[in-house]
Every structure is written in structure tokens, then in C-alpha cells.
Amino acid sequence: MGIHVNSPGMLSTVQDLGRWGFQNLGVPVAGPMDRYSHRFANALLGNPLGSATLEITLLGPELSFGLATRVAVTGAEFELALDEKLVPMNEPVVVAAGSRLCFGERRLGARAYLAVEGGFDVPEVLGSRSTHLPSQTGGMGGRALMTGDVLHSLSFDGKKLQPLRLRNSLLQLPSGGARIRVMLGPQERLFSPSGTKTFFTSRYVISNQSNRMGYRLDGPPISLAPSVGVLSDATPTGTIQVPGSGQPIILMADGQTTGGYPKLATAITTDLPLLGQLSPGDWVEFEVCDRAGALRALIAQEQTQLN
Amino acid sequence: MTAPVEIRAAGDSALVVELGTEIDSTLNAQVVAIAGSLRQEQIDGVRDVISSYASVTVCFDPLRTDLESLISAITRHVTNTATTTATVLAPSRSPREIPVCYGGVYGPDLEAVANYAGCSTDDVVRLHSEVAYRVYLLGFVPGFAYMAKVNERIAMPRRETPRVSVLAGTVGIADCQTGIYPSATPGGWQLIGRSAFYPFDPNREEPFLFTAGDTVRFVPVDEIEFRSLVGSGVTNGDS
């Protein structure tokens with residue numbers, strides 16, 4: 001007996017920690033937009049942190065459980081009801097067979113993560129259960145959930161970890177926008193000093209043409225150094241590339257593996273989850289960070305609970 | 001190698017090793033060799049090694065990687081491949097022959113390329129299929145191989161407006177590059193034919209047809225042969 005999808009929400013996809021090791025063959029990593037909340041949801045249940053969860057975007061699903069299990073919902077703050085009774089986020093919730101879990105109003109953030117005991121069971125493609133929407137790879141047949149889908153969970157197989165005691169996500173959900181720390185480069189030399197200054201002193205707005213592949217930003221155009229030509233090369237998650245229009249694009253989880261636009265800066269790993277909690281219409285400002293600062297921030301975030 | 005190698009940070013979890021700024025087969029062979037040996041070393045914390053035209057990008061977990069030893073490993077592999085250029089230049093696999101049905105419904109832009117080149121469509125087919133191409137890198141979508149260099153006469157730029165959807169297996173030209181669309185995607189390349197082989201099929205024993213450094217030849221086939229190849233299940237990787 002599985003978990004029936006009565007309604008799928010706006011965009012709900014199965015994600016684990018991503019499809020690593022194949023970018024050289026053009027395969028994007030995919031995985032959760034907010035890696036922190038994904039792992040937090042698993043940690044609350046004692047799942048291995050890489051177990052597949054459901055990433056829920058802006059509008060949540062309604063699910064009927066054909067089995068007794070436990071779930072945990074983290075990330076974007078939603079009103080959650082189990083059989084009409086409100087249940088909390090960020091802690092394990094016992095679900096009886098036959099229960100119905102409804103996502104209601106969203107109050108903060110963009111993406112919630114639903115973990116189920118044992119993790120969701122979808123076939124592994126190239127070693128990962130993550131859904132990559134543009135290439136229709138992984139997850140539930142390479143697509144978002146649809147009404148009528150039935151999800152299954154894996155049994156624990158004795159791999160159960162000590163469940164986490166902490167009851168609050170330490171990720172501060174953004175309200176309307178966020179300041180994002182970036183490291184300059186790898187191609188900052190292709191930008192004029194005034195272009196770089198514009199980038200760090202302006203407020204940008206995430207456009208409607210944004211998705212799991214990338215966020216297009218609207219704001220003051222960033223000028224390039226004259227006569228710029230770039231060969232396509234790798235574009236890791238968090239890369240901020242600037243096409244001829246001068247409007248920057250932040251590459252996110254489903255982003256292409258390579259790209260030919262000049263790359264001004266790269267978001268630090270610690271702030272990628274925060275970016276993942278922004279939605280179209282939210283603002284972004286950037287501040288520069290060095291490698292030591294980026295590492296300190298990451299260690300602080302990891303030490304909170306997840307290691 | 002004469003040019004000094006530059007290692008740049010791409011955020012806190014990737015390094016880019018820049019070996020040049022041109023599309024050049026010797027340079028790319030070194031890039032592929034460096035990426036290969038770095039991958040083989042399985043350095044603790046390294047998650048992905050990506051080669052492109054003239055650079056190698058190493059993605060790593062900053063909490064599990066000793067940056068100094070990673071940089072010294074990179075430097076060591078760069079030096080090693082520079083001193084063994086002859087070995088580096090040997091193709092990694094024998095040429096892959098890819099049957100292609102040119103023109104008609106399979107290659108709607110073949111006429112346009114012929115007009116651009118000022119020659120017949122048969123000439124375009126000949127010019128496209130007489131060259132052994134190098135796979136410089138994979139990107140765009142899973143399994144998409146950027147191959148070069150196309151004869152400059154038929155090196156037509158991309159379409160002004162990309163098509164909303166290009167069928168999997170379609171062969172296209174964009175400037176000096178050629179390639180096969182692995183899955184149905186939007187695309188701006190000039191479409192000249194259809195390959196009987198899909199570059200990517202996750203359910204096939206070998207999911208990827210190409211890897212960087214491969215040599216590829218396109219073999220013109222007529223529609224009957226093309227259909228028999230497709231019908232034989234070759235495209236599904238069953239054979």
C-alpha cells in the first residue's frame with residue numbers, strides 16, 4: 001500500500017542529494033533546491049540524509065496514506081493538516097493507515113520537504129532518485145507528481161540513524177527577499193569595474209521566468225568588458241552568469257552542466273538553501289565573501305545538526 | 001604546454017583549471033587527459049570532474065576536501081599530461097560510425113545550409129560526412145556531444161529563432177560545431193538529418209554513446225536503411 005496523490009500541488013518532485021559524477025556527460029546534478037531542509041527532514045526521522053524526499057513548491061499537495069508510517073515536513077512554512085487536525089512542521093508526525101495529509105496556506109519560503117520513514121522509493125537512474133525536469137530523468141518518470149500517482153517508501157533495512165532531537169530548523173526563511181553571499185569569479189575579469197559595482201550595489205528581483213534550472217534577475221544591467229568571447233565551460237550550481245542583456249542569471253539545481261556566458265560570481269554553498277526558498281517577485285542583493293568566510297559559514301550551518 | 005595554467009575559484013566548492021581560450025584539438029586532448037587522470041585518482045571529497053573545450057572544473061565538498069592537496073594533485077596532472085602529449089593525443093576509442101539520414105523531414109534545414117554554402121544538398125552531405133569529428137565536450141542536456149570542426153563552407157550560424165522542439169536523434173550544425181540532439185528539446189541549430197542512434201538512453205547498458213575525446217564519423221544512409229536500423233531496435237540499445 002502506497003501513498004496516493006489526491007492532488008499534486010503546483011510542482012512536487014522526488015529529490016535526493018543529486019546525481020553526482022555524470023556532469024562530464026552533460027547530466028545535471030538536480031537534487032533539492034534547499035539541501036539543508038531536505039536533510040533536516042530526513043534527520044528528524046532517522047533516515048539516511050540522502051534519502052529521497054518530496055520537494056513541494058509554493059502550493060502543496062494532498063496525500064492519502066495507505067500505510068502507517070511517520071513523516072516530517074521542513075522548509076517553507078505551510079499550514080499542515082492530518083485528517084483535518086493541525087500538525088506541526090519540523091518534527092516527526094505519526095501517520096495512521098488511511099489518513100489524509102493536506103498542505104494548506106503557505107506563510108513563508110517557497111519550498112517544503114516531505115520526508116517519509118525509509119525514504120521514497122523510485123528507481124535509481126545513474127545512481128540517484130532525483131528528478132531532473134528538463135531532461136525528464138529520474139524521480140517519478142522524470143516529471144512532477146500528478147493526481148493519481150502512488151508513491152512508495154523503502155523499508156529501513158536496519159540503516160536507521162539516531163533521530164535528531166532538535167525541533168527547529170535553523171534556516172532563517174526569507175521574507176520578501178535575501179542578501180546572498182557570493183565569491184567573485186571565475187570570470188570576474190571579463191566585467192568592467194562599473195559592471196561589478198552595479199552588481200554589488202543594486203537590488204535585483206527574481207523574474208517570473210525562473211525555475212529549478214535558474215533564476216533570471218531583473219534590475220540594473222551589468223556591463224561587460226569590451227569584446228568578450230567565452231568558450232562554453234562548466235556551470236556549477238550557484239554560478240551567476242551574465243548574458244548580453246546584462247541581466248544576471250543564477251544557475252540552480254536543474255541548471256545545465258555547461259554554459260557560454262561570462263560568469264561574474266558564484267553563490268556560496270551555505271546560501272544556496274536560502275536562494276531555494278525565494279520565489280518570483282522576491283528581491284536579492286549580493287555581498288562578497290572570501291573562501292575562508294564561506295567555509296566558516298558552511299561549518300556553522302553544518303554543526304547545527306546535520307553531521 | 002607553453003601557456004601558464006590558471007586555477008580559479010568557482011565559488012567555495014569548485015575550481016576551474018584554465019588551459020587556454022581556443023577550440024583546439026591538442027589543447028582539448030590535454031584537457032580530457034587531465035580530467036581523466038583526476039577522476040581516476042578518486043580524491044577524497046571530489047564529486048565531479050568536468051572537462052570542456054579548454055578547461056577542467058573540479059567540483060568538491062568543501063568540508064571533506066583538503067584544498068592544498070587538491071591543488072597540488074591538479075598541478076601534478078597538468079604537468080604529467082604536458083610531458084606525454086603523444087599519448088594524450090591517441091584517440092580514447094576507435095571512431096564511432098553514426099548512420100544519418102540527411103534532408104527531407106529528417107533534416108529540414110539542409111536546403112538552407114546548401115543555400116548558405118552556395119552548393120547542392122548532396123555537397124553538404126558530402127562535406128558533413130567526410131570529416132572525422134572530435135567530441136570536445138558534453139553539455140546542454142545529458143549525452144549532448146559538441147563535435148568539431150565542421151567544414152567552414154557549411155559552418156552556418158544558429159537560427160535567429162530557436163525551434164520550440166527538436167526531435168531526439170536530429171543532427172544539427174551551429175557554426176563550426178555539429179551534434180545530435182539526445183532528447184526532445186528546444187533548439188537553434190541548423191537541422192540537416194536524423195541519426196539512427198540516440199546519444200543518451202538511461203535504460204541502455206551503455207547509457208551514453210559519446211564521451212569527450214571520442215572520434216565520430218557520420219555515415220549517410222537512405223531512408224529505407226535508416227528505417228531498418230531504427231526498426232531493428234538499435235536505437236533502443238537492444239542489440
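The analysis underlying the following values was restricted to heavy atoms, covering all of them including side chains, and did not include hydrogens, waters or symmetry mates.
- Residue-level contacts of residues 7-14 of chain B with chain A, in order of numbering, are B/Arg8, B/Ala9, B/Ala10, B/Gly11, B/Asp12, B/Ser13, B/Ala14; threshold 4.5 Å between heavy atoms.
- Neither the backbone nor the side chain of A/Thr235 has a heavy atom closer than 4.5 Å to any heavy atom of chain B.
- Counting non-hydrogen atoms of other residues, nucleotides and ligands closer than 6.0 Å to CD of A/Gln209 gives a total of 12 or fewer.
- Atom CD of A/Gln136 is surrounded by 12 or fewer heavy atoms from other residues, nucleotides or ligands within 6.0 Å.
- At most 12 heavy atoms of other shown residues, nucleotides or ligands fall within 6.0 angstrom of atom OH in A/Tyr261.
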Kindly indicate, with the supporting measurements, whether the criterion ring-ring contact (aromatic ring centres under 6.0 Å, His included) is fulfilled by B/Phe144 and B/Trp189.
CA-CA 13 Å; B/Phe144 188 91; B/Trp189 290 29; 5.2 Å; yes

Determine, step by step, whether A/Gln15 and A/Thr13 satisfy the side chain to side chain donor-acceptor pair (under 3.5 Å) criterion, reporting the C-alpha distance in whole Å, the side-chain angles of both residues, the deciding distance to 0.1 Å, and the verdict.
CA-CA 6 Å; A/Gln15 300 293 344; A/Thr13 58; 3.0 Å; yes

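- Salt-bridge check for B/Glu41 with B/Arg76: passed, with a basic side-chain N closer than 4.0 Å to an acidic carboxylate O.
- For A/Thr269, the parts sitting under 4.5 Å from any heavy atom of chain B are the backbone and the side chain alike.
- Contact tally against chain B (heavy-atom pairs below 4.5 Å) for A/Val182, A/Thr266, A/Thr257: the top residue is A/Thr266.
- Of the atoms belonging to A/Pro134, not a single heavy atom falls under 4.5 Å from chain B.
- Of the listed residues (B/Gly139, B/Ala145, B/Ser52, B/Pro142), the one with the most heavy-atom contacts under 4.5 Å to chain A is B/Pro142.
- Expressed to the nearest 0.5 Å, how far SG of A/Cys289 lies from CZ of A/Arg181 amounts to 6.0 Å.
- The parts of B/Ile23 that come within reach of chain A are both its backbone and its side chain, each placing non-hydrogen atoms under 4.5 angstrom from that chain.
- Salt bridge present: A/Asp233 and A/Lys263 bring a charged side-chain N and a carboxylate O closer than 4.0 Å.
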Begin from the C-alpha positions of A/Arg129 and A/Leu154 and carry the test side-chain contact (heavy atoms from CB on, under 4.5 Å) through to its verdict.
CA-CA 12 Å; A/Arg129 295 188 167 89; A/Leu154 291 160; 3.8 Å; yes

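- Only the side chain of A/Leu126 comes within less than 4.5 Å of a heavy atom of chain B; its backbone N, CA, C and O stay farther away.
- When the candidates B/Ser183, B/Pro62, B/Ala35, B/Pro202 are compared by the number of heavy-atom contacts under 4.5 Å with chain A, B/Pro62 comes out ahead.
- Counting heavy atoms of neighbouring residues, nucleotides and ligands inside a 6.0 Å radius, atom CD of B/Glu152 does not exceed 12 of them.
- Comparing B/Ser51, B/Ser55, B/Cys59 by heavy-atom pairs within less than 4.5 Å of chain A, the highest count is held by B/Ser51.
- In this structure, the portion of B/Val141 lying under 4.5 Å from any heavy atom of chain A is its backbone and not its side chain.
- For residues 48-64 of chain B, the salt bridge (Lys or Arg N to Asp or Glu O under 4.0 Å) pairs, not counting sequence neighbours, are B/Asp44-B/Arg64.
- The residue among A/Thr237, A/Val125, A/Leu298 with the most heavy atom pairs within less than 4.5 Å of chain B is A/Leu298.
- Only the side chain of B/Phe200 has a heavy atom closer than 4.5 Å to any heavy atom of chain A.
- Between A/Arg39 and A/Asp34 there is no salt bridge, since no side-chain N of the basic residue sits under 4.0 Å from a carboxylate O of the acidic one.
- Heavy-atom distances place no part of A/Ile240 under 4.5 Å from chain B, backbone and side chain included.
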